[in-house]
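In what follows, a structure is listed as structure tokens, so that the remarks can point back to it.
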Protein chains: 2
Amino acid sequence: MKSTIPESGEPIAKIADNGGPDRPESSLHGEILSRLRDYVVEGNIPDGGRVPERQLCELFGISRTPLREALKVLAAEGLIELLPNRGARVRRLGKRDLEELFDVMGGLESLAGRLACETITDEEIAEIERLHYEMYGYYLHRDMHNYFQVNQRIHERIVAASRNETLRTTYANLAGRIRRVRYSANFARKRQRWAEAMREHEAILDALRRRAGSELSDTLFQHLRNKRTAAVEYLGSTPEGLATEAVDG
Amino acid sequence: MKSTIPESGEPIAKIADNGGPDRPESSLHGEILSRLRDYVVEGNIPDGGRVPERQLCELFGISRTPLREALKVLAAEGLIELLPNRGARVRRLGKRDLEELFDVMGGLESLAGRLACETITDEEIAEIERLHYEMYGYYLHRDMHNYFQVNQRIHERIVAASRNETLRTTYANLAGRIRRVRYSANFARKRQRWAEAMREHEAILDALRRRAGSELSDTLFQHLRNKRTAAVEYLGSTPEGLATEAVDG
DNA sequence: ACGGAAAAAGTTGAATGCAAAACTGCAGCT
DNA sequence: AGCTGCAGTTTTGCATTCAACTTTTTCCGT
């Protein structure tokens, strides 16, 4: 008799299935992959630090085989690096890496906005509106943590509204890498930039309401461009620099 | 205390390092990953077919452990699917998948074009020009195989000229999935579409010469949009449909 | 002969074992 | 003191092993 596996036909391995509230992983490998990804993204290991194979095995209560499989996948996703015979390290993101990530995410969000306008429903817009005002509340209260949380969800909603799973998945992967930096560095945005970002979000919502694809596309791209600038400036201004250049390599 | 971390080794695991002529894989895992990826991309396994673990172990002369690690990575890349307790299958791409892939690649190339215009050198443009005329020659001779080959290289060059490794890697991954379909299905483009594509490529080259970022961006996006239409039409017109929807699920 | 249960064979997923490489500590040397 | 060579320990990469699940074959009743 098979234990409770009613649906056996679903593929288990998805790249970056983080973000979603659904997490019914069926296989051990998938479970470990998710948990380890979260573990790394949430910054439990310092930037550039070793990923202790043996300890993690104990932490998760598994053997090395599934853990190492997960490591290989995370390396492919770009979260960690594998050094031959020297184990895994959390990938250090320098200034250039962040610039690249924000640019690519800008391109993807820009595309998502354009596609979303073609098929988004009133309900989806209403939901994004709701999130927008929730975020505005956090902005007024200077509650940065929740602001970021909701901000992220708004962007995810827009990407989801593009009705393009490939896009959503690709986006989620890149977002995870940046999220890790957020967790570790806890970006303290300047007040001015924050206000600016709120205004940009209003423009985004406005274009979305009118389903103005091209306009939304441009606005999103510019929004990400500004985020990039702010992030890189922040990184450049930190004393130790969170690996500003680091890693001579 | 070691204050000087030698930072010796190069990371070995990169997502989709296909495409490049460089292949100095140091570890067995990386080697296997590359070889297996090529094996799948080149269509040695039919669409939706099982990936025979044991046979591949013999083929590559290794044990199951490194092979299974590579499978997990390929699944994360989206080339294959892992069914719990039922092994790996080559991922079937339906009409919708292709549409999504072309859209995302369109977004990425569009971005790449914009970025490339900012920093591309005369030499790089000259090289793309050279490839363009080479491709034109194949077009005149109706040499589809070489045409595709060079066409692909042109697009890769543009993406490379964006100076964004993250973009290049992401693009290469998606391109690999489509390449697999090309290998299996050997797209027979209609003559008319082919001529149209040549004209589009001329417009691309023209915009690139003038370093007209926005224009190149639009042209590339539209070019990919048209490719998408052609590909999907072709897929829809095939008798057995190359898994139009398929996979009972 | 046919349908279905039961057993055999084959695969898969994960744990364990083992050789080789890398790190650590220490002694000896300059 | 600081550097270098070396033995011991730890970690890594891969092979092998084992239990559980799937698929196939066999066998029995109708």
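Naming: A, B, ... by sequence-line order, numbering from 1 per chain.
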Shortest non-hydrogen pair, A/L220 vs A/G113, comes out as CD1-CA, 3.8 Å
For A/R64 and D/dT12, give me the distance from atom CZ to atom C1', rounded to whole Å.
6 Å
Kindly point out which of C/dC23, C/dT16, C/dT12 is positioned nearest to the side chain of B/R50?
C/dT12
Check the surroundings of atom CZ in A/R54: do more than 12 heavy atoms from other residues, nucleotides or ligands lie under 6.0 Å from it?
no
I want to verify a distance call: between C/dT16, D/dT16, C/dG13, whose nearest atom is closest to the B/E53 side chain?
C/dG13
B/L83 CG to C/dG13 P: how many Å, rounded?
9 Å
Rounded to the nearest Å, what distance is computed from the CG atom of residue A/L33 to the C1' atom of nucleotide C/dA14?
16 Å
Answer yes when A/E134 and A/R153 have at least one side-chain N-carboxylate O distance shorter than 4.0 Å, and no when they do not.
no
Quick one: is A/R86 getting a side-chain N or O under 4.0 Å of the D/dG13 phosphate, OP1 or OP2?
no
Residues from residues 54-63 of chain B sitting under 4.0 Å of DNA chain D, heavy atoms only?
B/I62, B/S63
Correct closest heavy-atom pair for A/A161 and A/I120 would be CB-CD1, 3.8 Å
A/L67 has an atom CG; how far is it from atom P of D/dG13, in whole Å?
12 Å
Look at A/E99 together with A/R96 and state whether they make a salt bridge at an N to O cut-off of under 4.0 Å.
yes
Please write out the pairs of protein N or O atoms and N or O atoms of nucleotides 6-8 of chain C separated by less than 3.5 Å, giving the distance to one decimal.
none

Nearest-nucleotide check on DNA chain C, A/E69 vs A/N85; residue mapping nearer the 5' end is A/E69
To the nearest Å, give me how far apart CG (A/L71) and C1' (D/dC14) are.
15 Å
Might you point out which heavy atoms bring B/P46 and B/V90 nearest each other, and give the distance in Å?
O-CB, 3.8 Å
Should B/D97 and B/R92 count as an ion pair when the cut-off is N to O under 4.0 Å?
no
Whichever of B/T65 and B/R89 has the more 5' nearest nucleotide on DNA chain D, that residue is B/T65
Nearest atoms (heavy-atom pairs only) where A/E100 meets B/T166:
OE1-OG1, 2.8 Å
Of the listed nucleotides D/dA15, D/dG13, D/dT17, the one nearest the side chain of A/R68
D/dG13
Per the salt bridge (charged side-chain N to carboxylate O under 4.0 Å, His left out) rule, which among B/R177, B/R180, B/R91 passes with B/D47?
B/R180
